[in-house]
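Only this structure's heavy atoms are used, side chains among them; waters, hydrogens and symmetry mates stay out. Throughout, a chain's letter reflects where its sequence line sits, starting with A, and its residues are numbered from 1. All figures in this text were calculated on a predicted structure; none of them were measured in a lab.
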Amino acid sequence: MELETQSVIDAEISAIAQATEQAGAGELQPHVDYPPYRSSILRHPTKDLRHTDPETIERWAPCFSHRDVDPLESDLTIGQRGEPVGERIIVTGRVTDGEGRPVRNQLVEIWQANAGGRYVHKRDQHHAALDPNFTGAGRCLTDDEGNYRFVSIKPGPYPWKNHLNAWRPAHIHFSLFGTDFTQRLVTQMYFPGDPLFSRDPIYQAITDPKAREMLVATYDHDLTQPEWATGYRWDIVLTGSNRTYTESEDSDL
Amino acid sequence: MNTTASGMSTPGQTVGPFFHYGLPYDGDRDLVTPGSPGSIRLHGTVYDGNGAPVQDSLIEIWQARPDGTVPQEPGSLRRDGWTFTGFGRASTSRDGSFYFSTLAPGATEPGAAPFFAVTVFARGLLDRLFTRAYLPEDEAALAADPLLSSLEPERRRTLVAEKDEQGYRFDIRLQGEDETVFLLFPGR
């Protein structure tokens, strides 16, 4: 199959952006029906999502603890024989729910490409080196204030076959749980100023520019540590909780 | 900046094609040891809009215990064979199939219809989808369920698992005529 050019994809992206802007209908969540991302065409529901009140089980979430996660799993640069190649980074932030409450002691999982933009995955055919000292997957638990923290390597941009000369902006995949099942979130964190943002149909599938920017971390020199690693801050807001909080739970916010 | 006006939550993005070394883990789909007393299999296949199996999707379930209570025990990532955590995760195989070894969930309230809460992720799917796999046995409870009773029969069918020899079958259709009913909860 012959791949289309970037300019074809760019034109589709900008046509959708113009149409949503004119209709005042920019959306805060990605359009699941977003043809510029070719793989989405047969994999999105065409019927409206059904508005549903959560039942009891959906107002709770699975529980994780240090039984599940070793503190060392938050440092993706250790555990191998040597130092991984690339820029060492610290990525940290706070997970809150829609009402600003911290999401405490909950699981955060990440996975990413290495500095050359290569994933440790048998289906990744990118001609970039694998790094024997970097696998690119990590886990941690948020603390009592909802903070998470990882040490990793800045991932490279990643070529894919959505169209000819398609490149994903550098990103880290994040998986999050809240206090409710309904808050489950899988998303991607990006780095500030990436020149590939405007050309990426996955990022652009979120048609509200302010919502898209919520996926972009901020460089923070106060997090940067001398002669060791640069620091990025990325806060995550889950949807509102549907659980009824008791006064005692609310009073210690 | 990622600080914005209140009311906005962080958008989702696709799980992509390379989640296999980030999310799956040993024992992820075995909430209980397969074949142990009371264990059942919940299994199915994920299909795209052409009816082709989706080989790079990830399914999660979250459920009550057989007595209807909600587990709040850690240990899903390090199964010890004794603790029922209520959470499981299964990536689909090359033929689009997934399975869980688990216990049948009970009703969380008297008369409520028991179901598995299900989350669906896939390459090509830009945001996660929520659905429910209801147990088929208690017809009175199913008839009284607020969600099921609001659906036309052909849509309702997509949410009720089929009983089979080892447990239940629950296929997921992302698109098409028999598209699974996916849910939108308040707050998003």
Side-chain angles (χ1 to χ4, degrees), chain A residues 28-32 34 37 39-40 42-47 49-52 54-58 60 62-65 67-69 98 109-111 119-121 123-124 135 137 173 175 181-182 184-188 202 205-206 210-211 213-216 218 234-240 242, chain B residues 1-4 6-23 48-50 54 62-64 70-78 85-87 105 108-109 112 117 119 121-130 146-147 174-175 179 181-188:
Chain A
L28 306 179
Q29 295 297 330
H31 281 265
V32 290
Y34 196 74
Y37 177 27
S39 306
S40 76
L42 287 169
R43 292 185 170 196
H44 69 270
T46 55
K47 298 177 166 65
L49 302 184
R50 194 81 185 184
H51 287 271
T52 308
E55 297 286 346
T56 300
I57 188 69
E58 291 155 339
W60 292 85
C63 178
F64 300 93
S65 78
R67 184 175 145 189
D68 295 284
V69 184
E109 296 164 283
I110 65 170
W111 69 103
Y119 285 88
V120 183
H121 193 287
R123 285 176 59 196
D124 185 354
T135 51
H173 294 269
S175 161
F181 170 79
T182 58
R184 185 81 178 91
L185 177 69
V186 165
T187 188
Q188 301 178 24
I202 293 180
I206 304 154
K210 281 204 167 59
E213 284 162 21
M214 289 182 79
L215 297 181
V216 183
T218 306
W234 187 52
D235 294 330
I236 299 159
V237 186
L238 303 180
T239 56
N242 289 293
Chain B
M1 291 293 289
N2 59 328
T3 47
T4 54
S6 66
M8 281 176 82
S9 55
T10 306
Q13 292 271 264
T14 180
V15 75
F18 300 128
F19 58 80
H20 296 94
Y21 71 92
L23 294 178
D48 73 9
N50 277 346
V54 176
W62 167 234
Q63 63 166 103
V70 177
Q72 284 294 280
E73 306 272 352
S76 294
L77 298 180
R78 303 260 194 277
T85 66
F87 173 76
T108 50
E109 284 83 23
T119 321
F121 308 90
R123 176 180 69 84
L125 180 59
L126 276 153
D127 200 6
R128 48 98 188 94
L129 295 170
F130 293 123
L147 170 63
L174 297 176
Q175 196 183 85
E179 185 178 299
V181 173
F182 297 106
L183 310 178
L184 183 66
F185 294 110
R188 179 155 173 184

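- Side-chain N or O atoms of A/Q29 include none that pairs as donor or acceptor with a backbone N or O of B/D127 at under 3.5 Å.
- Both the backbone and the side chain of B/Y21 come within contact range of chain A, with heavy atoms under 4.5 Å apart.
- The minimum heavy-atom distance linking B/V15 with A/W111 is given by the pair O-CZ2, 3.4 Å.
- In this structure a side-chain-to-backbone donor-acceptor pair under 3.5 Å is present from A/T187 to B/P11.
- Looking at residues two or more places apart in sequence or on another chain, you find a salt bridge (charged side-chain N to carboxylate O under 4.0 Å, His left out) between A/E109 and A/R139, B/R89.
- Options B/P105, B/S76, B/A112 differ in how many heavy-atom pairs under 4.5 Å they form with chain A, and the most are formed by B/S76.
- Looking at A/F181, the atoms closer than 4.5 Å to chain B (heavy atoms on both sides) sit in the backbone and in the side chain alike.
- In this structure, the side chain of A/Y34 does not engage the main chain of B/L126 through any donor-acceptor pair within 3.5 Å.
- By number of non-hydrogen pairs under 4.5 angstrom with chain B, the leading residue of A/I110, A/V120, A/V186 is A/V186.
- Among B/L77, B/N50, B/L147, the residue with the largest count of heavy-atom pairs under 4.5 Å with chain A is B/L77.
- Contact annotation for B/F121: only side-chain heavy atoms (C-beta onward) come within less than 4.5 Å of a heavy atom of chain A.
- Atom-to-atom distance recorded for A/L28:CG and B/M8:CE is 5.0 Å, nearest 0.5 angstrom.
- Judged by distance alone, the side chain of B/D48 and the main-chain N or O of A/R43 form no donor-acceptor pair under 3.5 Å.
- Nearest approach of A/L215 to B/Q13, heavy atoms of both residues: CD1-CG, 3.6 Å.
- Contact of B/P146 with chain A is made through the side chain alone, with heavy-atom distances under 4.5 Å.
- The part of B/T108 that comes within reach of chain A is its side chain, from C-beta onward, which places non-hydrogen atoms under 4.5 angstrom from that chain.
- Considering only heavy atoms from C-beta on, B/P186 comes within 4.5 Å of A/P54 through its side chain.
- Of all heavy-atom pairs spanning A/P30 and B/G12, the tightest one is CG-O, 3.2 Å.
- By the 4.5 Å heavy-atom criterion applied to side chains, A/T46 and B/E179 are counted as neighbours.
- For the pair A/R50 and B/V181, the tightest heavy-atom approach, listed with the atom from each and the gap, is CB-CG1, 3.9 Å.
- Remark: B/T14 OG1 to A/Y37 OH distance equals 4.0 Å, nearest 0.5 Å.
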field: Working for side chain to side chain contact (heavy atoms under 4.5 Å, CB included), residues A/H173 and B/F19
entry: CA-CA 8 Å; A/H173 294 269; B/F19 58 80; over 6 Å; no
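- Of the inter-residue distances, the one linking B/F185 atom CZ with A/H51 atom NE2 reads 12.0 Å to the nearest 0.5 angstrom.
- Under the 3.5 Å distance criterion, the side-chain polar atoms of A/E58 are left unmatched by any main-chain donor or acceptor of B/A117.
- The CD1 atom of A/I236 sits 12.0 Å away from atom OG of B/S9, with the distance rounded to the nearest 0.5 Å.
- In this structure, chain A has heavy atoms under 4.5 Å from both the backbone and the side chain of B/L125.
- B/E73 contributes no side-chain N or O that, together with a main-chain N or O of A/C63, makes up a donor-acceptor pair within less than 3.5 Å.
- Separating the CD atom in B/Q72 from the OG atom in A/S65 is a distance of 12.0 Å, to the nearest 0.5 Å.
- Looking at heavy atoms from C-beta onward, A/T52 lies out of side-chain contact with B/F130 at the 4.5 angstrom threshold.
- Contact annotation for B/E109: only side-chain heavy atoms (C-beta onward) come within less than 4.5 Å of a heavy atom of chain A.
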- prompt: Where do B/T10 and A/L238 land on the side chain to side chain contact (heavy atoms under 4.5 Å, CB included) test, with the steps shown first?
  reply: CA-CA 6 Å; B/T10 306; A/L238 303 180; over 6 Å; no
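- Heavy atoms of A/H44 lying under 4.5 Å from chain B belong to its backbone as well as its side chain.
- Looking at residues two or more places apart in sequence or on another chain, you find a salt bridge (charged side-chain N to carboxylate O under 4.0 Å, His left out) between B/R123 and B/D56.
- B/L23 touches chain A through backbone and side chain together, each having a heavy atom under 4.5 Å away.
- Side-chain atoms of B/W62 come within 3.5 Å of backbone N or O of A/I57 as a donor-acceptor pair.
- Residue contact with chain B, scored on non-hydrogen atoms closer than 4.5 Å, involves the side chain of A/S175 exclusively.
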